[in-house]
Number of protein chains: 2
Amino acid sequence: MSRIPARERRRQLVAAAFRVIGEEGFAAATTRRVCAEAGAPLAAFHYCFASKQELLSELTDYAMGELEVARAGGAVVRATVAESLRATLRGYWDTVEADPNREAVLTALTQHALGDPALAGVARRQYEAYHRTARATLTEVADGCGVRWRLPVEQVARMTVVVTDGVTVAWLVDRDSAAAVAVLDAFAEQLALLAEPA
Amino acid sequence: MSRIPARERRRQLVAAAFRVIGEEGFAAATTRRVCAEAGAPLAAFHYCFASKQELLSELTDYAMGELEVARAGGAVVRATVAESLRATLRGYWDTVEADPNREAVLTALTQHALGDPALAGVARRQYEAYHRTARATLTEVADGCGVRWRLPVEQVARMTVVVTDGVTVAWLVDRDSAAAVAVLDAFAEQLALLAEPA
DNA sequence: GTCTATAAAGTGATAGAC
DNA sequence: GTCTATCACTTTATAGAC
């Protein structure tokens, strides 16, 4: 019938798993459910992936890639550091609200990886990517505003990841957007105090 | 054989589920695995609980109770607000490091509840409890130090939950205790700036 | 109340026809 | 390569002996 290349099938299945987990949670992502979502027969699964774990591993890469696309142009430079940080964090927030499922998938993957020793490295790589992104963005903002961080940028980056991650999870639970933005704005002001003229 | 009251059996099974999820992740918590962990036969499960979901619901209450016990005497009052907040947050952190599995279970339950509409209320209640606890602790600290919060205490509480939750998840992933404490200390200083003389 | 044994449904993974 | 049909196993949940 439809002669779809395996490469393309893989992509479809990963994207389908992404949607299923985002909308119905990790437990719903059975091979059957994923194949149905992709419009593929069940058997397609195992001639595209050696195992379900292989799909999950590729899914993590895919989700991180989606993240990188969404976060592109992360740093925003304005007149002051405080304003720049606020705009940057609001930019982050727009990417969350634009696609909440992506965040739900990422937190689900983290959680799953925590329980599975075979995937422990996956969660670590995920957070290292978060930290790397935050570090780059913070450096860009500081450079653009002609300031430097009073603390090691690694530490400021971790604070930022902690806050964005925490805000996101809290929002996934109660969907209180106003509260989320208020926290991010307050954090932007506090972060600005950690900068000094270069 | 062992004539154990159902009430006690329930307690044992909930505690067993708690341990299994904490150590091996949510997916490992099958009825079999939980019963084995509790030293109970498989059939014990269904004359203690109508369904697995009933256990999970009770488990959430149990975990929240454990949390309340661990966090008892949360507020610490010292000479200054900054010192008080730092001591209080470090007290929080001690409870995390003393029993990391409790936190792992709570994040796993949150994650699971996010995907299951039938349990959406569970996650919300969980976070409401977090916010309530944070609000009470922050109020206690402010009163003890003779200051008041510049922002509505609800917002300061949400900031605190965001940070503690974020720090905890990041630590569950990479177990970097020094980084966790550094973030909490920095946050304590920043929070102190949100207080003014009463 | 307590257990062994088993049912009924769902799971990841394959065999084998086309 | 692609699919139908099915395997081997695990899951939640029950029956029925003691």
Side-chain angles (χ1 to χ4, degrees), chain A residues 1-21 23-60 108-109 111-113 115-119 122, chain B residues 1-21 23-60 108-109 111-113 115-119 122:
Chain A
M1 243 306 201
S2 58
R3 212 151 150 92
I4 295 167
R7 190 69 60 99
E8 174 64 10
R9 268 285 197 233
R10 277 177 78 99
R11 230 189 44 74
Q12 288 180 346
L13 288 171
V14 168
F18 186 87
R19 285 196 301 275
V20 171
I21 294 179
E23 286 161 23
E24 299 172 44
F26 193 87
T30 62
T31 53
R32 279 173 169 72
R33 184 75 187 73
V34 169
C35 285
E37 175 76 20
L42 175 56
F45 195 95
H46 282 92
Y47 59 77
C48 286
F49 298 99
S51 67
K52 190 181 174 183
Q53 219 179 49
E54 189 177 310
L55 171 102
L56 290 179
S57 179
E58 184 149 326
L59 176 57
T60 304
L109 286 171
Q111 190 59 49
H112 179 72
D116 188 342
L119 294 176
V122 173
Chain B
M1 237 312 200
S2 58
R3 213 151 150 93
I4 295 167
R7 191 68 61 98
E8 174 64 11
R9 267 284 197 233
R10 278 177 78 98
R11 228 189 45 74
Q12 288 180 346
L13 288 171
V14 169
F18 186 86
R19 286 195 301 275
V20 171
I21 295 179
E23 286 161 24
E24 299 171 46
F26 194 86
T30 63
T31 53
R32 278 173 168 70
R33 184 74 187 75
V34 169
C35 285
E37 175 77 21
L42 175 57
F45 195 96
H46 281 92
Y47 58 79
C48 287
F49 298 98
S51 68
K52 191 182 172 182
Q53 219 179 48
E54 189 177 310
L55 171 103
L56 290 178
S57 179
E58 184 148 325
L59 175 58
T60 304
L109 287 172
Q111 191 58 51
H112 178 72
D116 188 343
L119 294 177
V122 172

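All values derive from a computational prediction rather than experimental measurement. Note that these values count all heavy atoms, side chains included, but never hydrogens, waters or copies made by symmetry. The sequence lines fix the lettering, A, B, ..., with proteins before strands; numbering per chain opens at 1.
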What is the distance, to the nearest angstrom, from the [atom1] atom on [X] to the [atom2] atom on [N]?
X: K52(B); N: dA9(C); atom1: NZ; atom2: P; value: 19 Å
X: L13(A); N: dC3(D); atom1: CG; atom2: P; value: 11 Å
X: F45(A); N: dT2(D); atom1: CZ; atom2: P; value: 16 Å
X: Y47(A); N: dA17(C); atom1: OH; atom2: C1'; value: 14 Å
X: H46(B); N: dA13(D); atom1: NE2; atom2: P; value: 4 Å
X: E8(A); N: dG1(D); atom1: CD; atom2: C1'; value: 15 Å

Between K52(B) and V34(B), is there a side-chain heavy-atom distance shorter than 4.5 Å?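 No; the side chains remain at least 4.5 Å from each other.
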Does T30(A) reach a base, just sugar-phosphate, or nothing at all? Heavy atoms under 4.0 Å.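 Sugar-phosphate: the residue T30(A), judged by heavy atoms under 4.0 Å, touches backbone atoms but no base.
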How close do P41(A) and R9(A) get, counting heavy atoms only, and between which atoms?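 Result for this residue pair: CD-NH2, 3.8 Å.
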OP1 or OP2 of dG1(C) sitting under 4.0 Å from any side-chain N/O of R7(B)?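 R7(B) to dG1(C) OP1/OP2: no side-chain N or O under 4.0 Å.
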More than 12 foreign heavy atoms under 6.0 Å from CZ of R11(A): is that the case here?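 Incorrect, the count does not exceed 12.
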SG of C48(B) to CZ of R7(B): how many Å apart, nearest 0.5 Å? 11.0 Å
Suppose we call a contact any N or O donor and acceptor under 3.5 Å apart; does that hold for the side chain of R32(A) and the base of dG12(C)?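 Result: at least one qualifying N/O pair found.
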Nucleotide of dA13(C), dA13(D), dC3(D) approaching L42(B) most closely (side-chain heavy atoms):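 Nearest nucleotide to the side chain: dA13(D).
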